[in-house]
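Predicted, not measured: the structure shown is a model, and the values here were computed from it.
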Amino acid sequence: MNTDQIILIPIPALFSFEECLWFLNRNYDDCLHIIHQDNIMKAIEFEGQIFLIRIQENGSFLEVDILIGESSPESKRFITDYITEWFDLDRNIQPFYDLLKKDGRLAYMAEEYKGLRLLGIADLCEAICWCIIGQQINLTFAYKVKRRLIEKYGKKVDYEGETYYIFPESETLANADVEDLRAMQFSQQKIDYTIGTAKAFANGTLSKEMIKALPDFTSRKKALTNLKGIGEWTANYALMKSLKEPQCIPHADIGLLNALANHDIIADRSEQNKINAFFETFKGWESYAVFYLWRSLTVRV
DNA sequence: AACCAGGCGCATG
DNA sequence: CATGCGCATGGT
């Protein structure tokens, strides 16, 4: 490959590409990336152009190959930033590991999940739509619905017999056909929420930059929950995945509650005081604690 | 075959 | 503010 098509990104301490890939894969069918033995491929868009990138480990670097798309200083900068954010490479997670090791129930995670990073969703609209799809249904089904939506409305690029998709533009979703969404097994409410969210992004009422610019966590959450279909759970999830806010707790998340119960942190779902006390000990790292608890739900064989 | 899913909005008390 | 209900349907 032409060296001009290659980007090398230094790997930070406490980073495991393999752990991250495994989490992205798990046992679900996510259509926004394709994972092979030792690399991951994904289509992303920059200035109206679709890029296909392949990421793999190369010594102490992540090697990014630009398989489709014009390599330029600008596009390389964009891709580097994109991957840095996606894999949360800029964060020093040592303080989180120090907290993990202090908690007898979770200390094992510092070894078993060593180097796992909070995987992000760069596009805020995508993160919210994904939440809406996933509300109150099982993940296997949620991924099916997501795939139907993306295959119908997303941009795509073909490469060596595979198709790589990009989450639909908010403008496209804002004008999505209600009957189509029903056929994809969106409930009527979720159609309203999804199109409403897409419209807010499309008409400029809402944007990631706008949310970022708000002064504090509470006001950022409030700006999201003002939208129909975005409750406490969705707002926390979206801020965690898209803005990488460190203090997100998707209260009432069924997976989180199950994980807390598995670790004997709570006995049943009503023990809010115990949940609060637990997260109090992870002050400033709540999102990471949640993410690692989610990780614990899928056992590696 | 009943019960559960990475919830939310709205109506009540 | 807290609780309860309908939504909607696949997965286990």
In whole Å, what is the span from the [atom1] atom of [X] to the [atom2] atom of [N]?
X        : N      : atom1 : atom2 : value
A/Tyr237 : B/dG7  : OH    : C1'   : 14 Å
A/Gln272 : C/dC1  : CD    : P     : 16 Å
A/Ile191 : C/dA8  : CD1   : C1'   : 11 Å
A/Arg148 : C/dT9  : CZ    : P     : 11 Å
A/Leu224 : B/dC8  : CG    : P     : 12 Å
A/Glu232 : C/dA2  : CD    : P     : 12 Å
A/Gln188 : C/dT9  : CD    : P     : 11 Å
A/Leu139 : C/dG10 : CG    : P     : 16 Å

Of the candidate nucleotides [options], which contains the atom at the shortest distance from the side chain of [X]?
X        : options              : result
A/Asn138 : C/dA8, B/dG9, B/dA5  : B/dA5
A/Thr234 : C/dT12, B/dA5, B/dC8 : B/dC8
A/Ile254 : B/dG9, C/dT9, B/dA5  : B/dA5
A/Thr140 : B/dC8, C/dT12, C/dA8 : C/dT12
A/Gln185 : C/dC7, B/dG9, C/dG10 : C/dG10

Quick one: is B/dC4 close enough that its OP1 or OP2 comes under 4.0 Å of any side-chain N or O from A/Arg269? no
Below 4.0 Å: OP1/OP2 of C/dT9 and any side-chain N or O of A/Lys190: no
By the 4.0 Å heavy-atom rule, please label [X] as base, sugar-phosphate, or nothing.
X        : value
A/Asn258 : sugar-phosphate
A/Ala252 : sugar-phosphate
A/Leu297 : nothing
A/Leu227 : sugar-phosphate
A/Gln136 : base

Under 30°, 30 to 60°, or over 60°: which ring-plane class applies to [X] and [Y], parallel, tilted or perpendicular?
X        : Y        : result
A/Tyr288 : A/Phe291 : perpendicular
A/Tyr82  : A/Phe78  : tilted
A/Phe279 : A/His251 : perpendicular

A/Phe167 side chain reached by A/Cys129 side chain, heavy atoms, under 4.5 Å: yes
Taking the six-membered ring of A/Trp130 as reference, does the NZ or CZ atom of A/Lys241 fall below 6.0 Å from its centre and within a 45° cone about the axis? no
Please check if the number of heavy atoms outside A/Arg77 that lie under 6.0 Å from its CZ is greater than 12. no
Take atom P in C/dC5 and the same atom in B/dC3, then report the distance between them in whole Å. 16 Å
For the P atoms, the ones on C/dC7 and on B/dA1, what distance do you get once it is rounded to whole angstrom? 24 Å
Should A/Arg147 and A/Asp29 be marked as a salt bridge (Lys or Arg N to Asp or Glu O under 4.0 Å) after you check the CA-CA gap, both sets of side-chain angles, and the distance that decides it? CA-CA 8 Å; A/Arg147 176 178 283 279; A/Asp29 175 37; 2.8 Å; yes
Which stems, defined as runs of 3 or more consecutive Watson-Crick or G-U wobble pairs with both pairing distances under 3.5 Å, involve DNA chain C? B:2-5 with C:9-12, B:7-13 with C:1-7
Side chains of A/Ser75 and A/Ser72, donor plus acceptor under 3.5 Å: yes
Contacts of A/Gly229 and A/Tyr143 projected onto DNA chain B by closest heavy atom; the upstream (5') one is A/Tyr143
